[in-house]
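Every chain is numbered from 1, with letters handed out A, B, ... down the list of sequences. Here the structure is a predicted model, which means the values were calculated and not measured.
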Number of protein chains: 2
Amino acid sequence: MTDLTRTFAALSDPTRLTMVERLMAQGELPAGALVAGFRISAPAVSRHLRVLREAGLIHQRAAGTHRYYAVRPEAMQSIARWTMDHRSFWEGSLERLDNLLALNPDTMDTA
Amino acid sequence: MTDLTRTFAALSDPTRLTMVERLMAQGELPAGALVAGFRISAPAVSRHLRVLREAGLIHQRAAGTHRYYAVRPEAMQSIARWTMDHRSFWEGSLERLDNLLALNPDTMDTA
DNA sequence: TCGTTATTTAACGCAACAGTTAATTAAAGT
DNA sequence: ACTTTAATTAACTGTTGCGTTAAATAACGA
């Protein structure tokens with residue numbers, strides 16, 4: 001399993017995808033705050049966080065009894081880089097996407 | 001399971017990710033050509049192609065006994081759109097993370 | 001110290017996944 | 001019509017993934 005397939009696997013679960021989106025939107029959050037947002041048990045959330053952490057998607061910071069989680073930008077960048085690496089394949093019908101996003105993919109940093 | 005999680009699930013298998021990459025690089029290919037590139041059996045390849053097709057990642061064209069497969073650009077675009085939707089989170093933040101790591105290595109999880 | 005809070009780990013059940021070989025469908029070639 | 005080729009579906013097996021509840025770990029406050 002490559003790093004990228006592990007990243008995709010981590011994001012293939014709806015709960016985990018939502019977690020990552022919430023962490024990106026709201027910034028660093030403790031595990032408990034994430035538990036509150038889902039109907040699954042705390043241990044289930046903890047396991048999801050572990051999967052995300054082991055896939056390199058999030059990072060953990062301990063403070064007292066709390067564990068704060070945040071998305072690692074590098075993980076998102078590796079996905080962006082992969083899509084951009086194959087841009088020439090799908091850019092043919094990109095106009096619609098460009099119009100929707102009003103962005104220029106050429107400005108993306110691929111370092 | 002949302003469309004996007006299904007897309008990520010389809011790409012979470014190394015064989016399928018490689019298939020998609022080969023189809024993007026080489027264009028439309030018959031199933032047999034893909035079988036040749038892997039050590040798994042033809043039925044296994046066929047199943048992978050079905051998963052990719054049901055996830056909307058590839059499209060099938062029948063010609064005689066051959067089934068030609070090709071990546072659907074829209075699938076790649078939906079990934080690109082998701083990453084771009086969260087671009088403000090990850091763009092240009094690589095240096096910041098590196099600085100954090102250099103300053104507080106013990107706060108960083110190394111799993 | 002003791003009980004409470006935050007979070008993870010342990011143990012277990014069940015559904016889904018990926019691989020195999022055997023059988024099936026379907027189009028071509030002879 | 002018969003055989004070969006291309007590909008899929010069927011049936012079975014071992015593994016992985018996600019959920020649960022119960023137990024463990026660790027820091028906090030009284």
Rounded to the nearest angstrom, tell me the gap between atom [atom1] in [X] and atom [atom2] in [N].
| X | N | atom1 | atom2 | result |
| --- | --- | --- | --- | --- |
| A/Leu29 | C/dA6 | CG | P | 15 Å |
| A/Arg67 | C/dT7 | CZ | C1' | 6 Å |
| B/Arg50 | D/dA7 | CZ | C1' | 12 Å |
| B/Glu54 | D/dT9 | CD | C1' | 13 Å |
| A/Arg61 | C/dT8 | CZ | P | 14 Å |
| A/Asp13 | C/dC17 | CG | P | 12 Å |
| A/Leu34 | C/dT8 | CG | P | 10 Å |
| B/Phe8 | D/dG17 | CZ | C1' | 19 Å |

[X] vs [N]: side-chain N/O to OP1/OP2 distance below 4.0 Å:
| X | N | result |
| --- | --- | --- |
| A/His66 | C/dT7 | yes |
| B/Arg16 | C/dA18 | yes |
| A/Gln60 | C/dT7 | no |
| A/Ser41 | D/dT20 | yes |

*When all nucleic acid strands are considered with a 4.0 Å heavy-atom cut-off, which category describes B/Ala44: base, sugar-phosphate, or nothing?*
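It contacts base atoms.
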*Sugar-phosphate only, base, or nothing, as touched by A/Arg47 at under 4.0 Å among non-hydrogen atoms*: base
Minimum-distance nucleotide to [X] side chain [options: [options]]:
| X | options | value |
| --- | --- | --- |
| B/Pro43 | C/dT8, D/dT8, D/dC18 | D/dT8 |
| A/Thr65 | D/dC28, C/dG19, D/dA7 | D/dC28 |
| B/Tyr69 | D/dT8, D/dA22, C/dT7 | D/dT8 |

*So which one's nearest nucleotide on DNA chain D is more toward 5', A/Thr15 or A/Gly64?*
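Counting from the 5' end, the first nearest nucleotide belongs to A/Thr15.
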*Of A/Val45 and B/Pro30, the one whose closest DNA chain D nucleotide lies more 5'*: B/Pro30
Would you say the side-chain atoms of [X] pair up with the backbone N or O of [Y], donor to acceptor, closer than 3.5 Å?
| X | Y | answer |
| --- | --- | --- |
| A/Trp90 | B/Met24 | no |
| A/Thr7 | A/Asp3 | yes |
| B/Arg16 | B/Ala10 | yes |

*Shared hydrophobic cluster for A/Leu57 and A/Leu4 (ILVMFWY, side-chain gaps under 4.5 Å)*: yes
*asked:* For B/Phe8, give me all partners under ring pair (Phe, Tyr, Trp, His ring centres under 6.0 Å), at least two apart in sequence or on another chain.
replied: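 Scan of B/Phe8 (ring pair (Phe, Tyr, Trp, His ring centres under 6.0 Å), adjacent residues dropped) gives A/Phe8, B/Trp82.
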